[in-house]
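Proteins get letters first, then strands, A, B, ... in listed order; numbering begins at 1 in each.
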There are 2 protein chains.
Amino acid sequence: MDKQKDILNAALKLFTEFGFHGTPTSKIAQEAGVANGTLFHYFKTKDELIVALYVDIKKQLGFCVAKDIQAEDSIKETARKYYVAALHWGIDNETEFRYIQQFLSSPYVSMIPAELVEQSLAMINMIKEGIKQKLIKVTPAEYVMSIISSHLYGVNQYINSQKLSSAKQKQLINESFELVWKMIT
Amino acid sequence: MDKQKDILNAALKLFTEFGFHGTPTSKIAQEAGVANGTLFHYFKTKDELIVALYVDIKKQLGFCVAKDIQAEDSIKETARKYYVAALHWGIDNETEFRYIQQFLSSPYVSMIPAELVEQSLAMINMIKEGIKQKLIKVTPAEYVMSIISSHLYGVNQYINSQKLSSAKQKQLINESFELVWKMIT
DNA sequence: TTTATGATTGACTAATCACTCCACAAATGT
DNA sequence: ACATTTGTGGAGTGATTAGTCAATCATAAA
């Protein structure tokens, strides 16, 4: 009965299928089962809805990725947990993952609110710690972060495009982490 | 004096800045210095223009990447040349590179004409040859391709975001190839 | 019961957009 | 010289769109 959620879900579905351009707000309202005006009650503009949807998805991902991390984990273990959790999330939430990509390579990127930027700080700090401990050989941390992120993105895309069995997926995920780890250490 | 080229250039500039949605055909015509009707003389629809621009850019990239390859090059040398050329192209053609990303994560992907798909076949075959020679340890070839592509994409994004000096760029590009190579062999 | 507040509606509008049409100009062929 | 094709312009059009608004409805506090 949460209409705001309904609108976000409808927007996600239609935006990923038809693009920002291709989906009028009227269709979103219709898909969500609410009146046209209701959409604008929750989101002042279409742009605001587009950004809000990104923020919402990013928070889900952030929560999912952070939940298993424990203070006593080693750097490698922490990195693996981040990596594996993100990949699993990407597989279980294919549409959301696609929306992130779509959003990030659109001009709306510049509208990301400041509050979201700090989220990836935890990972950058972990990498910096790894570099300080001379575990990670590649520098600077931002470069390592960039490499890992794009690797994640590539593996995810491959897994989704191949529709592998669950077991094969798990194996690939673990192996692919070792691949990246080998590369940066 | 090539109006078709002018239109493509104007479209590239505006699409990357304001998105497909945010740039009306009238603005593209204006930016290109041609009349509204002229645009539709060269491209029947806006969608056709969007796809044609992608095809045009992809052909430029394809040409640039293939031009240095020689038949007697080793697998590794061939791979390096592909990789380095693509990265250099991405740095010299930042806007074009961004357009490729934007296009690929939009619903327009499904409109890519068949003729373009075969272009990346040369690279897949090279990887397959590498696997056959037991040089490349990671399989299948499509997976390797996926990893390399996304790595390229990540490094490019890092280089462009950091605005490194030309010398640092060159060094990073060569090092980053060795990084990927180490990973897959 | 009254009053207040916010959610919800859907008809409405002003603006915009992709695309057409047709007149004319330039190039090209005969 | 003429005919035909091709390129160019820009006003015009019908459809669509984001966003508004006045009016209801639901809920609950006073």
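- Under 4.0 Å is where a charged nitrogen must lie from a carboxylate oxygen, and between B/R80 and B/D73 no such pair does.
- A close approach under 4.0 Å does occur between a side-chain nitrogen or oxygen of A/Y42 and OP1 or OP2 of C/dT8.
- For the pair B/F18 CZ and C/dT16 P, the computed distance is 15 Å after rounding to whole Å.
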**Asked** Can B/N125 and B/E129 be said to form a side chain to side chain donor-acceptor pair (under 3.5 Å), step by step?
**Response** CA-CA 6 Å; B/N125 283 335; B/E129 184 57 33; over 6 Å; no

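- You'll find the ring centres of B/F103 and B/F15 outside the 6.0 Å limit.
- Residue A/F43 is classed as having no contact, given no heavy-atom separation below 4.0 Å to the nucleic acid.
- Not one side-chain nitrogen or oxygen of A/K3 sits closer than 4.0 Å to the OP1 or OP2 atom of C/dG6.
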**Message:** Does the protein touch nucleotides 15-25 of chain D at the base, only the backbone, or not at all? Give it as B, S and - per nucleotide, heavy atoms under 4.0 Å.
**Reply:** --SSBB-----

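- One finds a side-chain N or O of A/H41 lying less than 4.0 angstrom from the OP1 or OP2 phosphate oxygen of C/dA7.
- Judged by distance alone, the side chains of A/S105 and B/S105 do bring a donor and an acceptor atom under 3.5 Å apart.
- To the nearest angstrom, P of C/dT9 lies 11 Å from CG of A/D6.
- The pair A/K76-A/E178 meets the salt-bridge criterion, since a charged nitrogen lies less than 4.0 angstrom from a carboxylate oxygen.
- The distance from atom CD of B/Q30 to atom C1' of D/dG9 is 14 Å, rounded to the nearest whole Å.
- Within the structure, a side-chain polar atom (N or O) of B/T38 is placed less than 4.0 Å from OP1 or OP2 of D/dG9.
- Taking a cutoff of 4.0 Å between a charged side-chain nitrogen and a carboxylate oxygen, A/R98 and A/E17 do not qualify as a salt bridge.
- Distance CG (B/L39) to C1' (D/dG7): 14 Å, rounded to an integer number of Å.
- If you take CG of B/L49 and P of C/dC19, they are 10 Å apart, rounded to a whole angstrom.
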